[in-house]
Amino acid sequence: MRRKERTEILIQGSKDIAKEFAKEIAMKYKVTVIQKPESALVLLKTRETAKKSLFYLGEMLVTECTVQIKDSIGIGIVKGQREELAHSLAIIDAAYEADLGETRSWSHVLENEKKNIQKNLQELNRSILRTKVNFETMDVQ
């Protein structure tokens with residue numbers, strides 16, 4: 001599983017998964033905090049469709065953290081002020097970068113959580129579509 005997909009699952013899924021993974025690593029390995037979780041602003045870059053030029057849409061508040069396990073660096077960046085999650089993501093990222101044995105058993109948990117996220121998203125879409133008005137079948141007098 002790629003880093004981007006893994007991170008999206010950990011952010012969108014249950015908060016307990018990231019916390020438990022990070023706790024498992026922190027209990028067995030020395031985790032050195034390089035940058036403690038802190039807030040930052042990032043510029044949102046987007047492409048204008050007509051001229052295909054880049055411009056900055058605005059700013060977004062994020063929480064970022066950097067840790068080290070053995071010789072591997074891990075980063076955690078999450079939207080909003082979520083210090084604990086940013087720290088957990090950084091530990092998990094460093095664990096994958098260090099290719100620790102514990103990460104191999106996480107794939108199954110992440111795949112199950114991905115299915116749960118997709119199921120919840122489908123339910124949300126169905127509930128939204130129930131409120132959709134079909135103007136072609138409406139009686140107009």
Side-chain angles (χ1 to χ4, degrees), residues 1-140:
M1 182 175 291
R2 291 195 168 146
R3 178 191 241 174
K4 180 180 178 183
E5 182 181 13
R6 177 180 70 232
T7 304
E8 286 175 354
I9 292 169
L10 290 168
I11 290 172
Q12 294 173 4
S14 172
K15 295 170 180 62
D16 297 332
I17 294 174
K19 193 184 298 185
E20 287 300 316
F21 286 176
K23 184 178 175 184
E24 180 182 350
I25 296 299
M27 287 176 21
K28 295 180 181 177
Y29 301 94
K30 181 179 183 246
V31 177
T32 306
V33 177
I34 296 173
Q35 176 189 358
K36 64 181 177 67
E38 57 187 37
S39 298
L41 289 173
V42 294
L43 290 171
L44 298 175
K45 192 184 325 185
T46 190
R47 187 169 301 279
E48 189 268 326
T49 55
K51 294 182 180 178
K52 306 286 187 219
S53 61
L54 290 174
F55 71 97
Y56 293 102
L57 186 62
E59 295 175 329
M60 181 173 56
L61 179 71
V62 297
T63 305
E64 57 187 0
C65 179
T66 308
V67 301
Q68 181 176 357
I69 299 173
K70 296 184 178 181
D71 291 331
S72 300
I73 303 289
I75 59 169
I77 301 174
V78 64
K79 180 173 63 172
Q81 287 188 298
R82 300 167 72 185
E83 293 178 357
E84 186 177 6
L85 181 58
H87 186 253
S88 296
L89 290 174
I91 292 173
I92 293 165
D93 188 47
Y96 272 98
E97 288 295 314
D99 196 26
L100 302 180
E102 290 78 3
T103 60
R104 290 174 188 83
S105 64
W106 294 349
S107 296
H108 181 68
V109 176
L110 291 172
E111 287 296 331
N112 285 341
E113 190 61 23
K114 180 180 178 180
K115 289 176 186 173
N116 288 339
I117 292 167
Q118 289 171 343
K119 179 181 158 195
N120 292 339
L121 189 58
Q122 288 173 349
E123 288 175 14
L124 177 65
N125 285 338
R126 274 196 295 273
S127 69
I128 291 170
L129 287 175
R130 275 188 255 137
T131 65
K132 185 177 176 182
V133 177
N134 187 349
F135 290 99
E136 292 178 10
T137 61
M138 282 182 63
D139 264 346
V140 180

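- Between Leu89 and Gly76 the shortest heavy-atom distance is CB-CA, 3.9 Å.
- Among the candidates Ile77, Ile34, Asp93, the single residue satisfying the side-chain contact (heavy atoms from CB on, under 4.5 Å) test with Thr66 is Ile34.
- Atom OH of Tyr56 has 12 or fewer neighbouring heavy atoms from other residues, nucleotides or ligands inside a 6.0 Å radius.
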Checklist entry - Should Arg104 and Asp99 be marked as a salt bridge (Lys or Arg N to Asp or Glu O under 4.0 Å) after you check the CA-CA gap, both sets of side-chain angles, and the distance that decides it? => result CA-CA 9 Å; Arg104 290 174 188 83; Asp99 196 26; 3.3 Å; yes
Next on the checklist: Before you tell me yes or no, could you show the steps for Phe21 and Leu110 under side-chain contact (heavy atoms from CB on, under 4.5 Å), namely the whole-Å CA-CA distance, both residues' side-chain angles and the distance that decides it to 0.1 Å?
Outcome noted: CA-CA 11 Å; Phe21 286 176; Leu110 291 172; 4.0 Å; yes
Checklist entry - Are His87 and Val67 close enough, and set up right, to give a side-chain contact (heavy atoms from CB on, under 4.5 Å), and what steps lead you there? => result CA-CA 8 Å; His87 186 253; Val67 301; 4.2 Å; yes
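- Side-chain atoms of Val33 and Lys36, non-hydrogen and from C-beta on, do get closer than 4.5 Å to each other.
- At most 12 non-hydrogen atoms from other residues, nucleotides or ligands lie less than 6.0 angstrom from CZ of Arg2.
- We find the NZ-CD1 distance between Lys119 and Ile117 to be 12.5 Å, quoted to the nearest 0.5 Å.
- Using a 4.5 Å heavy-atom cutoff, the side chains of Ile92 and Trp106 are in contact.
- Rounding to the nearest 0.5 angstrom, the gap separating the CG atom in Asn120 from the NZ atom in Lys115 is 14.5 Å.
- Judged by distance alone, the side chain of Glu83 and the main-chain N or O of Thr63 form no donor-acceptor pair under 3.5 Å.
- A pairwise comparison of heavy atoms in Ala94 and Ser72 identifies O-CB, 3.8 Å as the closest pair.
- Across all their heavy atoms, Cys65 and Ala90 have their closest contact at O-CB, 3.7 Å.
- The CE atom of Met1 sits 10.5 Å away from atom CD of Glu8, with the distance rounded to the nearest 0.5 Å.
- Rounded to the nearest 0.5 Å, atoms CD1 (Ile69) and CG (Leu100) are 6.0 Å apart.
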Checklist entry - So Leu61 and Val42, side-chain contact (heavy atoms from CB on, under 4.5 Å) or not? Walk me through it. => result CA-CA 7 Å; Leu61 179 71; Val42 294; over 6 Å; no
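- For the side-chain hydrogen bond (donor to acceptor under 3.5 Å, both in side chains) test with Tyr29, the passing option among Glu24, Lys70, Glu102 is Glu102; the others fail.
- For the pair Arg3 and Tyr96, the cation-pi test (distance below 6.0 Å, angle within 45°) is failed.
- The shortest side-chain heavy-atom distance between Arg82 and Lys15 falls under the 4.5 Å cut-off.
- Under the 4.5 Å side-chain criterion, counting only non-hydrogen atoms from C-beta, Val78 is not in contact with Val62.
- Checked by atom type and distance alone, the side chain of Arg47 pairs as donor or acceptor with a backbone atom of Lys52 at under 3.5 Å.
- Other residues, nucleotides and ligands contribute at most 12 non-hydrogen atoms within 6.0 Å of the CD atom of Glu84.
- Expressed to the nearest 0.5 Å, how far CD1 of Ile25 lies from CD1 of Ile91 amounts to 8.5 Å.
- Counting heavy-atom neighbours within 6.0 Å of Asp71 CG, excluding the residue itself, gives a total of 12 or less.
- The number of heavy atoms from other shown groups lying within 6.0 Å of CD (Gln81) does not exceed 12.
- With values rounded to the nearest 0.5 angstrom, Glu38 atom CD is found 6.0 Å from Glu64 atom CD.
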